Amino acid sequence: MADKLTVPAAEKPAVYVEPIAVRPAEAARLLGISRPKIYELIARDDFKGRFKLDGCTLISVEALKEWVRAQCGTGGAV
């Protein structure tokens, strides 16, 4: 009977799951901008990815990516 292959815990591959929403501080870090600037961004009419959950502001990562892509398409005009 063959032995089962076991992988020690230290050698198990890490699994990364991309979040679907982040808090403003994390969104600011992802963009490399300040926290006050991210609040300016999410208050804009052309940014649709902000929502509240139990009083906590969250930002859709996909909406953030889409907004960045749109800015690139307009030559970065903000």
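As the structure is a computational prediction, the values presented were derived from the model and not from experiment.
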- Nearest atoms (heavy-atom pairs only) where Leu58 meets Ala21: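 Residues Leu58 and Ala21, closest heavy atoms: CB-CB, 4.2 Å.
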
- Query: Can you name the nearest heavy-atom pair linking Ser34 to Ala28, along with the distance?
  - Reply: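 Heavy-atom minimum between the residues: O-CB, 3.7 Å.
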
- Message: According to side chain to side chain donor-acceptor pair (under 3.5 Å), who are the partners of Arg29, at least two apart in sequence or on a separate chain?
- Response: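 Expected list: Glu26.
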
Please list every donor-acceptor pair under 3.5 Å in which a side-chain atom of residues 47-55 meets a protein atom from a residue at least two apart or in another chain.
| residue | atom | partner | partner atom | Å |
| --- | --- | --- | --- | --- |
| Lys48 | NZ | Asp45 | O | 2.6 |
| Lys52 | NZ | Thr57 | OG1 | 3.2 |

- Query: Considering residues at least two apart in sequence or located in another chain, which fulfil the side-chain contact (heavy atoms from CB on, under 4.5 Å) criterion with Glu62?
  - Reply: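 Listed in chain order: Ser60, Lys65, Glu66, Arg69.
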
- Query: CD1/Ile38 to CD1/Ile59 distance, rounded to the nearest 0.5 angstrom?
  - Reply: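 CD1 of Ile59 is found 4.5 Å from CD1 of Ile38.
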
